[in-house]
Asks: 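Below you'll find the structure I mean.
Small disclaimer: the values here were computed from a predicted structure and weren't measured. Below, each value reflects all heavy atoms present in this structure, side chains not excepted, and no hydrogens, waters or symmetry copies.
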Amino acid sequence: MSSSEGAPESWISSFCSLMGHEFFAEVSEDFIEDDFNLTGLQSQVPMYKEALEMILDVEPEEDEDEEEEEEEEEEDDDEILGDERPPGYRRAGDRRHARVASDLSVIESSAELLYGLIHQRYITSRPGIQQMLEKYEMQHFGVCPRAYCNGSKVLPVGCSDTPGQETVKLFCPSCQDLYTPPNSRFHSVDGAFFGTTFGYLFFMTFPDLDIGPRLDPSMLTAAPTNANNQSRSSSLTSGVNRATPDLPPPPNQPTEINGVRTVNFCPGLGPGRIYESKIYGFRVSERSRVGPRMKWLRMKPTDIRELDELAQYAAIHGSANDAGDTEMNIEAQNAAVIAARKKAPMRRRRHNPDQMSINGAEG
């Protein structure tokens with residue numbers, strides 16, 4: 001493969017352009033050439049050196065000694081056998097080429113594994129997470145399939161850092177849930193190539209990122225034209241609580257909590273954004289055998305200040321200065337107890353003449 005300018009395309013570019021690899025970022029060669037970034041990967045990847053050379057498009061060095069030995073072996077075989085060669089006989093050079101062809105497939109699979117593990121580390125670095133931000137803003141990873149998230153953009157994450165455990169999942173910051181990619185071509189992508197750290201580090205790095213809905217809610221609840229469609233639509237959407245307006249937030253709500261904007265705290269959850277199952281307009285009881293389950297996963301406090309754990313801890317245990325004073329008081333009390341023990345008189349054991357000695361004789 002070659003680009004339009006005629007220069008050969010790199011292995012990294014060709015790997016990321018394959019179908020199903022749209023989630024991957026192109027790792028810079030400077031990051032790969034730094035040995036510190038590859039610490040510990042040599043024990044996880046078979047044929048590590050050859051795989052690294054394939055990723056960096058480095059031509060493997062030919063061993064001159066092996067070539068000389070193969071030439072000498074071929075000459076010896078020609079002198080001994082001459083024209084009489086058994087069926088199925090292959091020269092040393094042919095055997096070498098067959099061995100290289102069999103090793104090539106192993107090197108390719110090792111190169112894909114090695115690149116995935118390097119990619120897991122690269123997207124948590126400054127240039128890597130910036131590159132993933134560009135892909136996120138361009139909506140390369142898709143949107144959340146949940147109706148109440150209204151098209152909120154998702155991010156690829158992994159459920160495990162070990163290869164071969166789980167496939168890649170899509171994390172929605174609006175409802176804090178994981179989803180399997182809708183396209184089957186992503187079902188073979190290993191989730192370890194993205195890791196468990198990237199998703200949460202991404203939103204902590206960019207706290208001002210708007211994760212709200214992308215679709216206009218009025219478009220989703222547009223009224224149908226005729227009565228038949230209206231009755232059919234009302235029966236199909238009777239379980240969706242779209243008629244219930246969102247409760248107004250309490251007064252004096254902070255704009256930020258611990259550096260994160262409050263509008264980014266799960267905008268797809270809360271009152272009015274939880275599906276309610278209904279039959280002929282009547283809600284199904286939670287005590288029913290087929291009633292709703294685990295609705296607490298979608299709940300969200302109306303007062304956002306309930307999520308400020310730092311303020312709650314300070315209200316219960318006091319501020320940092322108060323905690324320091326309390327610790328000093330406890331240390332002073334402990335020192336006073338130790339000093340009182342030192343000043344206490346020692347209790348000596350009185351001699352009892354009626355008590356027998358240890359060896360059984362009388363005292």
Side-chain angles (χ1 to χ4, degrees), residues 11-13 15-46 48 51-52 54-56 108-145 152-207 209 211 260 264 266:
W11 186 93
I12 298 176
S13 300
F15 176 81
C16 295
S17 61
L18 294 175
M19 182 175 294
H21 292 178
E22 290 84 354
F23 291 169
F24 286 93
E26 293 190 11
V27 183
S28 62
E29 294 185 358
D30 296 337
F31 184 86
I32 300 177
E33 290 174 353
D34 190 352
D35 295 336
F36 177 77
N37 298 326
L38 310 183
T39 304
L41 297 182
Q42 188 171 2
S43 60
Q44 302 182 33
V45 181
Y48 171 81
L52 187 60
M54 177 176 288
I55 292 175
L56 296 175
E108 288 179 354
S109 60
S110 299
E112 294 179 0
L113 175 61
L114 178 60
Y115 182 80
L117 295 176
I118 296 174
H119 182 269
Q120 177 195 134
R121 302 182 178 186
Y122 175 72
I123 59 179
T124 56
S125 64
R126 184 180 297 273
I129 204 168
Q130 188 68 32
Q131 189 173 347
M132 296 297 282
L133 173 63
E134 298 175 359
K135 296 172 71 69
Y136 174 82
E137 292 180 341
M138 296 176 66
Q139 201 170 315
H140 286 184
F141 310 125
V143 297
C144 181
S152 181
K153 291 181 287 190
V154 294
L155 200 69
V157 296
C159 298
S160 175
D161 294 328
T162 305
Q165 298 286 339
E166 292 283 347
T167 57
V168 64
K169 306 297 180 183
L170 297 177
F171 172 71
C172 176
S174 179
C175 61
Q176 298 283 316
D177 209 344
L178 294 179
Y179 299 92
T180 302
N183 201 321
S184 60
R185 64 186 178 185
F186 299 110
H187 293 177
S188 59
V189 180
D190 201 322
F193 297 164
F194 297 88
T196 58
T197 304
F198 165 66
Y200 309 103
L201 182 63
F202 180 85
F203 293 105
M204 291 179 66
T205 306
F206 308 105
L209 195 64
I211 61 175
V260 180
N264 287 338
C266 303

Asks: Can you give each donor-acceptor pair under 3.5 Å made by side-chain atoms of residues 193-200, sequence neighbours left out, with the distance rounded to 0.1 Å?
Replies:
residue: Thr196; atom: OG1; partner: Asp161; partner atom: OD1; Å: 3.3
residue: Thr196; atom: OG1; partner: Asp161; partner atom: OD2; Å: 3.2

Asks: For Phe23 and Ile123: C-alpha separation, side-chain torsions, deciding distance, then whether side chain to side chain contact (heavy atoms under 4.5 Å, CB included) applies.
Replies: CA-CA 11 Å; Phe23 291 169; Ile123 59 179; over 6 Å; no

Asks: Parallel under 30°, tilted from 30 to 60°, perpendicular over 60°: which one fits the rings of Tyr115 and Phe24?
Replies: tilted

Asks: Could you check if a side-chain atom of Pro182 sits within less than 4.5 angstrom of a side-chain atom of Leu170, using non-hydrogen atoms only?
Replies: yes

Asks: Would you check if Leu133 and Thr205 make a side-chain contact, meaning some heavy-atom pair closer than 4.5 Å?
Replies: no

Asks: Do Asn264 and Pro207 make a side-chain contact, defined as non-hydrogen atoms from C-beta onward lying under 4.5 Å apart?
Replies: no

Asks: Please confirm whether the ring centroid of Tyr136 lies under 6.0 Å from the ring centroid of Phe202.
Replies: yes

Asks: Show your reasoning for whether side chain to side chain contact (heavy atoms under 4.5 Å, CB included) applies to Cys144 and Ser174.
Replies: CA-CA 8 Å; Cys144 181; Ser174 179; over 6 Å; no

Asks: Using only atom types and a distance under 3.5 Å, with no angle test, would you say the side chain of Lys135 pairs donor to acceptor with the backbone of Glu22?
Replies: yes

Asks: Just by distance, do the side chain of Asn37 and the backbone of Ile118 share a donor-acceptor pair under 3.5 Å?
Replies: no

Asks: Can you tell me how far the CZ atom of Phe31 sits from the CD atom of Glu29, to the nearest 0.5 Å?
Replies: 13.5 Å

Asks: Determine whether Phe203 and Leu155 satisfy the following criterion, side chain to side chain contact (heavy atoms under 4.5 Å, CB included), listing intermediate values before the conclusion.
Replies: CA-CA 10 Å; Phe203 293 105; Leu155 200 69; 4.0 Å; yes

Asks: Would you give the length of the straight line joining atom CG of Asn183 to atom CE of Met19, rounded to the nearest 0.5 angstrom?
Replies: 8.5 Å

Asks: Got a second to check how far Gln44's CD is from Ser110's OG, nearest 0.5 Å?
Replies: 12.5 Å

Asks: Quick check: closest heavy atoms across Gly20 and Phe186, and the distance to 0.1 Å?
Replies: O-CD2, 3.5 Å

Asks: Could you tell me which residues satisfy side chain to side chain contact (heavy atoms under 4.5 Å, CB included) with Pro127, sequence neighbours excluded, listed by chain and number?
Replies: Tyr122, Ser125

Asks: How many angstroms lie between SG in Cys159 and CD in Glu166, if you round to the nearest 0.5 Å?
Replies: 5.0 Å

Asks: Donor-acceptor check, side chain of Gln120 to backbone of Ala192, threshold 3.5 angstrom: yes or no?
Replies: yes

Asks: Could you check if a side-chain atom of Leu38 sits within less than 4.5 angstrom of a side-chain atom of Leu52, using non-hydrogen atoms only?
Replies: yes

Asks: Determine the minimum heavy-atom distance between Ile129 and Leu201, stating which atoms define it.
Replies: CD1-O, 4.0 Å

Asks: Using 0.5 Å steps for rounding, measure from the CE atom of Met132 to the NE2 atom of His140.
Replies: 11.0 Å

Asks: Decide side chain to side chain contact (heavy atoms under 4.5 Å, CB included) for Ile32 and Ile12; before the verdict, give the C-alpha distance in whole Å, the side-chain angles of both, and the deciding distance to 0.1 Å.
Replies: CA-CA 11 Å; Ile32 300 177; Ile12 298 176; 3.8 Å; yes

Asks: Rounded to the nearest 0.5 Å, what separates atom CZ in Arg185 from atom NE2 in His187?
Replies: 11.0 Å

Asks: Hey, does the side chain of His119 reach the backbone of Ala25 with a donor-acceptor pair shorter than 3.5 angstrom?
Replies: yes

